[in-house]
Structures are given as C-alpha cells and as structure tokens.
Protein chains: 2
Amino acid sequence: MRLYAHFMGMPADERLGLDIKRAEQALIAAKQAAVRPAGLTVPQYATLLALAGNPGISGAALARVCLVTPQAMTVVLKNLEERGLIERSPHPWHRSVLETRLTETGRAALEAADERAVVIERAIAAEFSAEERKTLRGLLARCNDAIARAASEL
Amino acid sequence: MRLYAHFMGMPADERLGLDIKRAEQALIAAKQAAVRPAGLTVPQYATLLALAGNPGISGAALARVCLVTPQAMTVVLKNLEERGLIERSPHPWHRSVLETRLTETGRAALEAADERAVVIERAIAAEFSAEERKTLRGLLARCNDAIARAASEL
DNA sequence: TGATGGCCATCAAGGTTTTGATACTGTGCC
DNA sequence: GGCACAGTATCAAAACCTTGATGGCCATCA
C-alpha cells in the first residue's frame, strides 16, 4: 500500500522527517517497555533522571530541561508527588518557587528504571563505531539547525 | 546547569537517544507551527496526508499507516469528521468497516497545510548533499534495527 | 517610593495517546 | 451447519501535552 500521495508538494520517500520520526517512535516505544516494569512512564522517568542531576530545581526549570511546558511538568510532578517519589517544599528565600527533590523511594524507582533503559542506549551505542556516532550526531545537529532556521522564517 | 546526572548507568552525553529526541522535538515543533495556520494539528495533518494517498481506507488501517493505535485514530477521525474535513460511510460489502474519504474542504485544508509543512522538509533536504542524506538515512535505519533488537530481548 | 518586567505556579479547555475490555462481522476450517 | 480466528469499531479510564490567561513574588530602574 502506498503510504503517502505524491499530489502534495513533495514525494514521501524524500521527506527525511519521516526517518527521524520513525527512529524516535521506535526509541520511545522501547523505552516505554523498559521503564514500565519500574512503574514509571517515559516522561516520569525523564523527570526523575533530570531531578537526580539537579536537586532542588524549580518546576519551571525542570520543564525547560525536559523540553516540555511548565504546565505539562506540573501534572507529572503532581503524579510523582502523590506516589511519594518526589517531595516539594517552598524555597526559603523565594517563597513562590517550590524546590523539588527525589525521595529515597523515587531514587530506587529511578535506578530500577534506568538499569533497564540504559540497555536500549547501550544497544544503540554498540551498533556504531566511534566515527559513526560522531557522524550521526553531527548530521542530527545540522538537521536541528536547518529546522530551527526554517521555523523562524516561517 | 548539568542536564543529567552521571550516577546512573551511562553518562548523558553518550546517550544518542537524546540527540534523536531533540531532532524529533524540533521537527514536530516546526511542523506544528507550520500547519497551525491551516487549522490543523500535526496528527490531523498526518492523517489527512495519509488519507489523500489511500482513499476509502479503514480507520484501523489508517492507524497502522500513521503509527498510532486504532483508538487514538478514532478520536482524530471524530474531530475531523465533526469539522467536515472527512466523511465516513459504511463499506458496501463489509458492513463493519467504515470507509473514510477526504471532503473538498478537507483537501483544501490539507493543501494549505502541506504548502507550509513542505517548507520544513525542503529546508532539511537542502541542508545536506545527496551523499549525506543517504548516510543519515542509513544510520537512522541501523539505529532503528538496534532499538528493535534490544526491545525484543528486553 | 512606585512602576515595569521577568520568573514562578496554577486554573481551564481542548487534543492526543495508551492500556484494557467489549462486541460485531466476515473468512476458513472441521 | 458450527466454530475459532482475524479485522474492525467503540467505550472507558488514566496520563500527557498544548495554548491561553491569571495572580503572586522578586529585582531593577526611574
């Protein structure tokens, strides 16, 4: 079956975006399967991972690190807090910011999840030589730049 | 600010998944900005594009083409139908399947959206030489394979 | 001191996605 | 004919994400 039509502006098999999307789709599906046994979703795992490296960070800053909106992060944090994986307390000086930290339970969940998630990352890394990894990262970075340029001139 | 900790199993700057995720994030953000003026979301745009190439396809088949679950596609189709961009009618033989087709309005919306979305794809294509495009697709495909292998052995 | 701007948190509404479960229909096999 | 199987559609619950809008807090500057 033909996936996409050619009547539109560009033939489907020349759209590199599809290749990137496919790779990311496979990646997120694999990670989901990896972190699920630890009782976490992918966004929750990403949040805990970022939190482990930045204790006491604010929700908005955490959102920037995880590349989501502050509102989206709020929901994730609320779920994590209800389950006791994180704890939030008002910042001593700036009362408007809530400091967020991992609990022991949260760190344990993160470690269980990361142990399995890292298998995926190792598999990707093992597929390529050091030279190829460098090439892939370089190409993806240029891709990023091109997209950003195009979007800003839209 | 350090994005991710190293206490976990693998340093963050060796995780190629992050590069892929970043590229896809930039891509989807750019496409969102592109199709928004046409009154479409990215999933809606993807659905209409697939529909243009496969008139009369069933909802479940459409879901497979767009790499989403049938349930997710149902919601998208319901929104599109309520706005008159598509129409669904029972299949003459198989009464359980609903044939879906673009309406004239839908085709117009798709063309308006694609005109802008294709700018992004062209920008990506223009960033690379033919050789580089081939390399990038090859690396992403191998990445895909590695992920699939790792996920199946999880 | 008072005003402006920036950062933070939050409410609200709409859209997308996932998992799980149910039901109907047509096909192929016994 | 009867039965299991595959494909399709759909309901329900939970989670995530987005845009838009609001209110509180702090620092800077006039």
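Proteins come first, then strands; the chains are lettered A, B, ... in the order of their sequence lines, and each starts at number 1.
One can place OH of B:Tyr45 at 16 Å from P of C:dT16, the figure rounded to the nearest angstrom. In this structure, A:Glu99 atom CD and C:dC7 atom P are separated by 19 Å, rounded to whole Å. In this structure, B:Leu62 atom CG and D:dG7 atom C1' are separated by 15 Å, rounded to whole Å. C:dA9 atom C1' lies 7 Å from atom CG of A:Leu98, rounded to whole Å. Here D:dA9 presents its C1' atom at 13 Å from NZ of B:Lys78, a figure rounded to the nearest Å. One can place CG of A:Leu40 at 19 Å from P of D:dA14, the figure rounded to the nearest angstrom.
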### Task
Scan nucleotides 15-24 of chain D nucleotide by nucleotide, 5' to 3', and note B when protein non-hydrogen atoms come under 4.0 Å of the base, S if they reach only the sugar-phosphate, - if neither.
SSSBBBB---
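The shortest distance between the side-chain N/O atoms of B:Arg88 and the OP1/OP2 oxygens of D:dT8 is not below 4.0 Å. Side-chain N/O atoms of A:Arg64 include one lying less than 4.0 angstrom from OP1 or OP2 on C:dC8.
Residues B:Asp114 and A:Arg15 are paired through a salt bridge, judged by an N-O separation under 4.0 Å between the basic side chain and the carboxylate. Contact check on B:Arg101 versus B:Glu99 returns a salt bridge, with a Lys/Arg side-chain nitrogen under 4.0 Å from an Asp/Glu carboxylate oxygen.
Contact annotation for A:Thr74: base contact, defined as any heavy-atom pair under 4.0 Å involving a base atom.
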Check residues 56-70 of chain B and write down every donor-acceptor pair under 3.5 Å in which the side-chain atom is one partner and the other belongs to a residue at least two apart or another chain.
from    : atom 1 : to      : atom 2 : distance (Å)
B:Ser58 : OG     : B:Ala61 : N      : 3.2
B:Thr69 : OG1    : B:Ala72 : N      : 3.3

Can you give the donor-acceptor pairs under 3.5 Å from side chains of residues 27-43 of chain B to other protein atoms, not counting sequence neighbours?
from    : atom 1 : to       : atom 2 : distance (Å)
B:Lys31 : NZ     : B:Glu121 : OE2    : 3.0
B:Thr41 : OG1    : B:Gln44  : N      : 3.3
B:Thr41 : OG1    : B:Gln44  : OE1    : 3.3

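When every heavy atom of B:Arg142 is checked against every heavy atom of A:Phe128, the shortest pair comes out as NH2-CD2, 3.7 Å.
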### Query
Can you check side chain to side chain contact (heavy atoms under 4.5 Å, CB included) on A:Glu132 and A:Glu127, steps first, answer last?
CA-CA 9 Å; A:Glu132 287 172 328; A:Glu127 171 73 24; over 6 Å; no
